[in-house]
2 protein chains.
Amino acid sequence: MDETAPQKGTVTQRAIEQIKAMIAEGRLEPGQRLPTERDLAARLGISRSSMREAIRALTVLGVLEARHGSGIYVTQLEAGDLLETFGVVADLSRGPRLVELLEVRRILESTATALAAARITPDRLAEVEKHLTAMNATDDPEEILAHDLAFHREIAAAAGNDTMAAILEGLSSRTFRARVWRGYQEEGAFTRTRREHAAIHRALAARDPEAARAAAAAHVGEVEEWLRDRLAR
Amino acid sequence: MDETAPQKGTVTQRAIEQIKAMIAEGRLEPGQRLPTERDLAARLGISRSSMREAIRALTVLGVLEARHGSGIYVTQLEAGDLLETFGVVADLSRGPRLVELLEVRRILESTATALAAARITPDRLAEVEKHLTAMNATDDPEEILAHDLAFHREIAAAAGNDTMAAILEGLSSRTFRARVWRGYQEEGAFTRTRREHAAIHRALAARDPEAARAAAAAHVGEVEEWLRDRLAR
DNA sequence: ACCGGCAAAGTGGTCTGATAAATATGCGGG
DNA sequence: CCCGCATATTTATCAGACCACTTTGCCGGT
């Protein structure tokens, strides 16, 4: 006769699932505001502390957004929101998994670049070119890295698949790039990187998907191989 | 003269970053036990409630694991641990983003299947075959789905890239498959699916990466196209 | 000396209540 | 009609207590 659920897991875990379910079932729309912490806690029959833990969890997952003094809202649930956590994988990975991540990036980036070659608009291509020249015009590693990131980000965006772009963004997170690229470029890979970027841009300008795919794969593959070698030692 | 940090963001957010940093810097090893909640809170100068929120957040991210009565531990930080949250993306996506997710899956799955064709061991191939026959031997949709998932999971594992396998696992999460596959198979796609699975298995048995890639791409692409059509209406 | 069980200490899980800080609201004056 | 300020609402944080589960080690029996 026990009316109260099966009691599986912690109350916080259950609260997380219930809120997720509300969103999945459409009872909570993107951007919509939730009841207050106190209301929600009372409604699910748990304490405010536990409810806050659930909300915090969903916040770091990019599902909810808490605004101090205002309320709790469902995010737009766009790819960028939900895949932000992908960055922690890159940040906390080391050794062989870094190679695996680069392999995934190579696969996705080469496809994205190929798609971009077929779909990119002239103004976006100009934007890509801007970052390319800016990247080649400075010696500051920080600035180079920033334009490098932007260069690939524009291309990923041009591919027209936001989800893919968001994943690639995570795989190129600032700290990840900094950790791997640093060593790579210290070995005088600047000129090679420059040439590879030029090749990618050329393929995009020529609207040649296959060339773009090959150039992007080679670009990431170079780093991948370098890292593989370095780990072998 | 303010000795206390820049105060950016909430204290909980800062605690999350600090613990993440400890792990990234190697001061916390995989599997290692952390100080108690009370100690950690005191050490960072915050309340236990806030510390608990930070721990809960890192728990859902698959970075930490709390064991009631025992303590808090760093997970093994393997791909599977950290990418578990990828499933929520699939669970909370709808409309056009489902197509995008399928596109990502098609790209990764086709590559994974190609790699598997080159690397799969005989006993793992036998395992794949087992799920194939079991899938064809029953009419229960639930059982078919389970073997379908296992079929692709074995192949992804054989590709030798745990990270890729973990991502694919998220893209094939039970609820995701259930939502999309349901509609797809209701339209009598069983026989077609069966043929496609057979083609994939044949390519694996023949150790033919290109055939495997094509078969896998076609397999996912079929569903992708169906979903695209369905959304267009 | 070994072993089984039991008690106590340690630790995460939950609840309650209070205060601070940021935001939203509504009213009154210009 | 609009601006500004007092007030209410809401999240952020803290403090302290108790419960549930796990681990540890002692103690008695064999």
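Chain letters run A, B, ... following the sequence lines, proteins first and then strands; every chain starts at 1.
For A:S47 and B:G71, each mapped to the nucleotide of DNA chain C holding its nearest heavy atom, the one lying further toward the 5' end belongs to B:G71. Place A:S70 and B:G45 on DNA chain D by their nearest nucleotides, and A:S70 ends up nearer the 5' end.
Between the CG atom of B:L44 and the P atom of D:dT13 there is a distance of 13 Å, rounded to whole Å. The nearest whole Å value for the distance from the CG atom in B:D39 to the P atom in C:dT11 is 7 Å. Atom pair A:E37:CD and C:dC15:P shows a separation of 14 Å (rounding to whole Å applied). When the C1' atom of C:dG10 is taken as reference, atom OH of B:Y73 falls 11 Å away, rounded to whole Å. Atom CZ in A:R67 sits roughly 12 Å away from atom P in D:dA12 (whole-Å rounding). Separating the CZ atom of B:R14 from the C1' atom of D:dA12 is a distance of 12 Å, rounded to the nearest angstrom. Remark: P of C:dG12 and CG of B:L40 are 8 Å apart, rounded to the nearest angstrom. Straight-line distance from the CE atom of A:M51 to the P atom of D:dT13: 18 Å, rounded to whole Å.
An OP1 or OP2 oxygen of C:dT14 is reached within less than 4.0 angstrom by a side-chain nitrogen or oxygen of B:R56. For B:R48, no side-chain nitrogen or oxygen approaches OP1 or OP2 of C:dT14 to under 4.0 Å.
Put simply, the side chain of B:R38 and the base of C:dG12 share a donor and an acceptor less than 3.5 Å apart. For A:H68 against C:dA21, a side-chain-to-base donor-acceptor contact under 3.5 Å is present.
Using a 4.0 Å heavy-atom criterion, one finds that B:I55 contacts no nucleic acid atom at all. If you check every strand for non-hydrogen atoms under 4.0 Å, B:S49 touches a base. When heavy atoms are screened at a 4.0 angstrom cut-off, B:S50 is found touching the sugar-phosphate backbone but no base atom.
A donor-acceptor pair is defined here as one N or O able to donate and one able to accept, closer than 3.5 Å; no such pair exists between the side chain of A:S172 and the backbone of A:E169.
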Output, in order, the C-alpha distance, side-chain angles, deciding distance and verdict of salt bridge (charged side-chain N to carboxylate O under 4.0 Å, His left out) for A:K130 and A:E127.
CA-CA 5 Å; A:K130 204 187 71 181; A:E127 199 70 18; 3.1 Å; yes

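We find the CG-NE2 distance between A:L149 and A:H147 to be 10.5 Å, quoted to the nearest 0.5 Å.
Listed nucleotides D:dC14, C:dT11, D:dT13 differ in distance to B:I46; the shortest reach to its side chain belongs to D:dC14. Nearest to the side chain of B:R52, among C:dT14, C:dT16, D:dA12, sits C:dT14. The side chain of A:T12 approaches C:dT14 more closely than any other nucleotide in the set C:dT14, D:dT13, D:dA12.
B:T138 and B:D140 are not linked by any side-chain donor-acceptor pair at a separation below 3.5 angstrom, with hydrogens and angles left out of the test.
In this structure, the ring of B:H152 has its center less than 6.0 angstrom from the ring center of B:H219.
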